Student: 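Let me give you the structure first, and then I'll get to my questions.
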Amino acid sequence: QVQLVESGGGLVQAGGSLRLSCAASGRTISSYGMGWSRQAPGKDREFVAAIDRSGAITDYAHSVKGRFTISRDNAKDTLYLQMNSLKTEDTAVYYCAAARNWVGRNSRYDYWGQGTQVTVSS
């Protein structure tokens, strides 16, 4: 069992930056591929970024590629999402997740965090 807790969300102006963190407990995340998803009000949850167990392979949604960076520190059991050049359309609740059998963006994630709100104002 893995418990995931996101942090780092908040209110930021368009063009600004935020860094989300996802701290894991219960089991080390080094055995899991990880990912970030988001859900805006009235919309379905959507894929944002994913990273393999070692951190060598990453994948991004087209809408965030070049602006967001996913990374991980297995020694700290922590996943990160650096978000730069934020846009109002990035406003959403952001969730981290862990997958035993990671296959990139289409992974079936086994564990989810509770989410952290990111609000980008114009």
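Please read these numbers as outputs of a predicted model, since none were measured by experiment.
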Student: Donor-acceptor pair, Ser107 side chain versus Tyr109 backbone, under 3.5 Å?
Tutor: no
Student: Would the number of heavy atoms belonging to other residues, nucleotides or ligands and lying under 6.0 Å from CZ of Arg45 be above 12?
Tutor: yes
Student: Closer than 3.5 angstrom, by distance alone: can the side chain of Asp59 be matched with the main-chain N or O of Ala49 as a donor-acceptor pair?
Tutor: no
Student: Between Thr119 and Leu11 (side chain of the first, backbone of the second, donor and acceptor by atom type, cut-off under 3.5 Å), is there such a pair?
Tutor: no
Student: Kindly indicate, with the supporting measurements, whether the criterion salt bridge (charged side-chain N to carboxylate O under 4.0 Å, His left out) is fulfilled by Asp90 and Arg38.
Tutor: CA-CA 9 Å; Asp90 294 318; Arg38 67 187 182 186; 2.9 Å; yes
Student: Report yes or no: does Glu6 contribute a side-chain atom to a donor-acceptor pair with the main-chain N or O of Gln114 at less than 3.5 Å?
Tutor: yes
Student: Rounded at 0.5 Å granularity, tell me how far CD1 in Ile57 sits from CH2 in Trp102.
Tutor: 5.5 Å
Student: Ignoring hydrogens and geometry beyond distance, is a side-chain donor-acceptor pair present between Thr28 and Asp77 at under 3.5 Å?
Tutor: yes
Student: Report the C-alpha distance between Asn74 and Arg72 in whole Å, list the side-chain angles of each, state the deciding distance to 0.1 Å, and finish with yes or no for side-chain contact (heavy atoms from CB on, under 4.5 Å).
Tutor: CA-CA 6 Å; Asn74 288 342; Arg72 64 191 297 161; 2.7 Å; yes
Student: Could you note down all residue pairs passing side-chain hydrogen bond (donor to acceptor under 3.5 Å, both in side chains) where residues 10-22 supplies at least one of them, sequence neighbours left out?
Tutor: Ser17-Asn84
Student: Going by side-chain heavy atoms closer than 4.5 Å, which hydrophobic residues are tied to Val64, directly or by a chain of links?
Tutor: Val2, Leu4, Val12, Leu18, Leu20, Ile29, Tyr32, Met34, Trp36, Val48, Ile51, Tyr60, Phe68, Ile70, Leu79, Leu81, Met83, Leu86, Tyr94, Tyr111, Val118, Val120
Student: Of all residues at least two apart in sequence or in a different chain, which pass the salt bridge (charged side-chain N to carboxylate O under 4.0 Å, His left out) check with Asp110?
Tutor: Arg100, Arg108
Student: Between CZ of Phe47 and OG of Ser63, what distance do you get to the nearest 0.5 Å?
Tutor: 9.5 Å
Student: Is it the case that more than 12 heavy atoms not belonging to Arg53 sit under 6.0 Å from its CZ atom?
Tutor: no
